[in-house]
Amino acid sequence: MQPESGVLSPEFELVLACVGWPIGAEDAALIRERIQRPIDWPHLLRIIQHHQVLPLVARNLEACAADRIPVEVLKDLRSRTAQSALHSFQALSELARLTRLFRGEQIELRILKGAPLAIDAFGDATLRSMGDLDMLVSQADLPRADAILRAEGYLRAVPQARLTPRRMRSYVAHQKDFSYENPRNGMAVDLHWRLFRNRFYPSNAGIETCGLAWTQLGPERIPTLPPQQLFLYLCVHGALDGWLRLKWIADIGALVRRASPEQLGEIARTAMDRSVLPEFSAAVLLCRRWLGVDRVPAECLDSRHPTVSRIVRLAGRLITSNDCCPVREEISSSAWFLNEFTLRSSLRYRAELIERSLFRPRVWEKVNLPDRLFPLYALFSAPEWLAFRMHRLLASSKSDGRRQTGPERKTKLTLLQRLFGLAPSDFALLVEAGVLLTFFRIALRFFSVRRLTAWMGQAKPAERLRPEEDALKTIRRIEWAVGSIARHSPLSFVCFPQSLAAYFMLRRRHVGSKLFYGVARDQQHLKAHTWIKVGDRTVVGGEAESDFTVLAIFP
């Protein structure tokens, strides 16, 4: 995951102009303005497919600027839109069929997102790309619902491990759904028993407390969530998943535009009552930032609220990563864990999250313990996670190597071999750098920059090493260690955790250093940067040092 860039590509800006609904005169003018720029149309098609906004973008592009779209691209868009519409109709038919089957077995259910959301937000089920069919049933009805899906040709895809009675109790306690796939018709179903995985997340609900509303799909009445519950469900769902898809922001944007100011205020007050006002506020602010939907209720928290700020920042980094086509599998599980961990501060919520990470179903596929030894799975959690990360890193390196040639390919393929070939002292230095970088990355989520720098200001200056050659050798080794971890770690480390890690590694070895804090103006915004110097030598952060005006020096 890469930090958010201040400059967006013309293709992504055009996509952003095309995901609003309904389109007004100002929106149409913006589309016509942005399509005048040089557009890499294959890249634009990749973006809209990846963010699952193809039908919406194609409809708005053709309605507002069909004459500016190359003929071959227009044909491709129409072909893809027709395929998407066909899939939507097939999904609607399957949804209606499964609803009848569940109703025939007297299984109460709710349909989450999907067709009911498409109709509520866009008034047209084909304007929203159909994904999985999300169905909510009571926990007591899970065996009967599972039997119906299996009888209809669905196979359980997640979890793949065999579910013994003890594993089943753990899975139901710490997860929220089973995933099924039907090889005959290509459909996928997520069978939920609650809205979110963490039982202690505010506004979490099962079918008994989530409420009921109805959506008409032809002759069928489909049970779904009430409008306010659906809106807040989307806000929390987006926050938990980092708003990884523009599709989710487009849903919120369309719902916001359709709601009156009074209705938005009522939803905000409901969010406050249910303790999810930060998630609601972040969703509305993301719509304003990315879609230009400037309808923020007075009850909303502003962007300076810590939780709102974290949600908005993460969304910006994710959406713009990988050339605006973020890949979920390339984001480390530790990053997802930290995102979820920082959303709520209650002890029960965080204890539940930690327990879930200790008893991952993925481990059950590799280690088959009897139920009476189930608690021992906690001991396998860390080694399995490390093996999983190493396997993914190797696979990624090999995949990159097949696409690359020359020295870059050799570097990627030999990264792990070089790591395990290091001298013990070098390996220990890398571990120290990794631990400190991770610690300060986490600390920056909980403590302000002012508090951390004040803490540094209280530190006593370290004594310089003698002779000077030893100090220079130490400085070079720390430069290498911090730089290597920052470049190759699955986590992203910006300048501040790198500077803090280098500062304390130097101080531990009695090498005196100073941390410089500077700012520079980037268009209408100020951006900050930190770097570490020992005398006249810059240890980390020196690549942009000259562009910034120094505001403070620590200690």
Side-chain angles (χ1 to χ4, degrees), residues 21 92 95-96 98-100 102-103 106-125 127-128 130-141 145 176-177 190-199 201-218 220-241 247-284 287 293 295 297 299-300:
W21 189 264
L92 290 172
L95 177 62
L98 291 176
T99 299
R100 288 194 296 270
F102 278 55
R103 190 178 296 150
Q106 297 183 334
I107 297 176
E108 188 179 4
L109 79 155
R110 304 285 186 272
I111 305 303
L112 310 177
K113 301 181 295 183
L117 171 57
I119 292 172
D120 285 348
F122 305 104
D124 183 345
L127 276 181
R128 186 177 188 273
M130 289 289 183
D132 302 339
L133 304 178
D134 292 277
M135 310 175 76
L136 175 68
V137 301
S138 73
Q139 186 174 321
D141 285 333
K176 63 180 174 61
D177 59 11
D190 286 343
L191 186 64
H192 296 248
W193 52 93
R194 60 173 164 263
L195 299 180
F196 313 117
R197 288 192 293 182
N198 197 306
R199 292 170 291 171
Y201 205 109
S203 85
N204 205 351
I207 198 167
E208 299 81 6
T209 56
C210 69
L212 172 65
W214 296 91
T215 297
Q216 196 71 33
L217 293 181
E220 292 290 335
R221 293 176 73 225
I222 302 297
T224 185
L225 300 178
Q228 287 193 10
Q229 176 72 62
L230 175 62
F231 196 111
L232 297 180
Y233 167 68
L234 296 174
C235 294
V236 176
H237 174 274
L240 288 169
D241 278 18
K247 173 184 179 180
W248 305 335
I249 299 179
D251 292 339
I252 296 292
L255 290 172
V256 168
R257 285 189 176 192
R258 290 171 71 95
S260 67
E262 292 76 18
Q263 289 171 326
L264 279 178
E266 186 178 347
I267 297 173
R269 289 187 290 274
T270 303
M272 188 185 305
D273 293 340
R274 298 183 182 181
S275 300
V276 290
L277 187 59
E279 291 85 346
F280 170 83
S281 303
V284 175
C287 289
V293 182
R295 300 186 63 192
E299 295 85 353
C300 270

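It should be emphasised that the depicted structure is a prediction, and the values quoted were computed from it without experimental measurement. If you read the sequence from its start, that first residue is 1, and numbering goes on from there.
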| request: Name all residues meeting the side chain to side chain contact (heavy atoms under 4.5 Å, CB included) criterion together with A115; count only those two or more places apart in sequence or in a different chain, and write none if there are none. | output: L92, L95, M130, L217

| Sequence neighbours excluded - side chain to side chain donor-acceptor pair (under 3.5 Å) pairs with any residue from residues 202-213 | none

Which pairs would a plain distance check flag for residues 223-237, meaning a side-chain donor or acceptor within less than 3.5 Å of a matching protein atom at least two apart in sequence or in another chain?
{"from": "T224", "atom 1": "OG1", "to": "I111", "atom 2": "O", "distance (Å)": "2.8"}
{"from": "Q228", "atom 1": "OE1", "to": "T270", "atom 2": "OG1", "distance (Å)": "2.7"}
{"from": "Q228", "atom 1": "NE2", "to": "E266", "atom 2": "OE2", "distance (Å)": "3.0"}
{"from": "Q229", "atom 1": "OE1", "to": "R274", "atom 2": "NH1", "distance (Å)": "2.9"}

| Does any pair with a residue in residues 225-241 pass salt bridge (Lys or Arg N to Asp or Glu O under 4.0 Å), and if so which ones, sequence neighbours excluded? | D241-R328

| Between CH2 on residue W193 and CG on residue L136, distance to nearest 0.5 Å | 10.5 Å

| said: I need the single residue from D141, V137, L191 that forms a side-chain contact (heavy atoms from CB on, under 4.5 Å) with L109. Which is it? | reply: V137

| query | At what distance, to the nearest 0.5 angstrom, does CD1 of I119 lie from OG1 of T215? | reply | 6.0 Å

| Whether W21 side chain and F122 backbone form a donor-acceptor pair below 3.5 Å | yes

| query | Hey, does the side chain of R194 reach the backbone of R197 with a donor-acceptor pair shorter than 3.5 angstrom? | reply | yes

| remark: Sorted by chain and number, sequence neighbours left out, side chain to side chain contact (heavy atoms under 4.5 Å, CB included) with C300 holds for F280, S281, V284, V296, P297

| Do the side chains of R258 and Q263 get nearer than 4.5 Å, heavy atoms only? | no

| Where do G253 and C287 come nearest, in terms of heavy atoms and distance? | N-SG, 3.4 Å

| Between R269 (side chain) and E299 (backbone), is there a donor-acceptor pair under 3.5 Å? | no

| query | Within a strict 4.5 Å, meaning less than it, do heavy atoms of the L255 and L117 side chains meet? | reply | yes

| field | Between CZ on residue R110 and CD1 on residue I207, distance to nearest 0.5 Å | value | 4.5 Å

| message | Quick one: does any side-chain atom of E262 pair with a main-chain N or O of L264 as donor and acceptor, under 3.5 Å? | response | no

| said: Rounded to the nearest 0.5 Å, what separates atom NZ in K113 from atom CG in D132? | reply: 7.5 Å

| said: I need the minimum non-hydrogen distance between E279 and S275, along with the two atoms involved. | reply: OE1-O, 4.4 Å

| said: Is any side-chain heavy atom of Y201 closer than 4.5 Å to one of K176? | reply: no

| request: Please list all pairs passing the salt bridge (Lys or Arg N to Asp or Glu O under 4.0 Å) test where one or both residues lie in residues 247-256, with sequence neighbours left out. | output: R128-D251

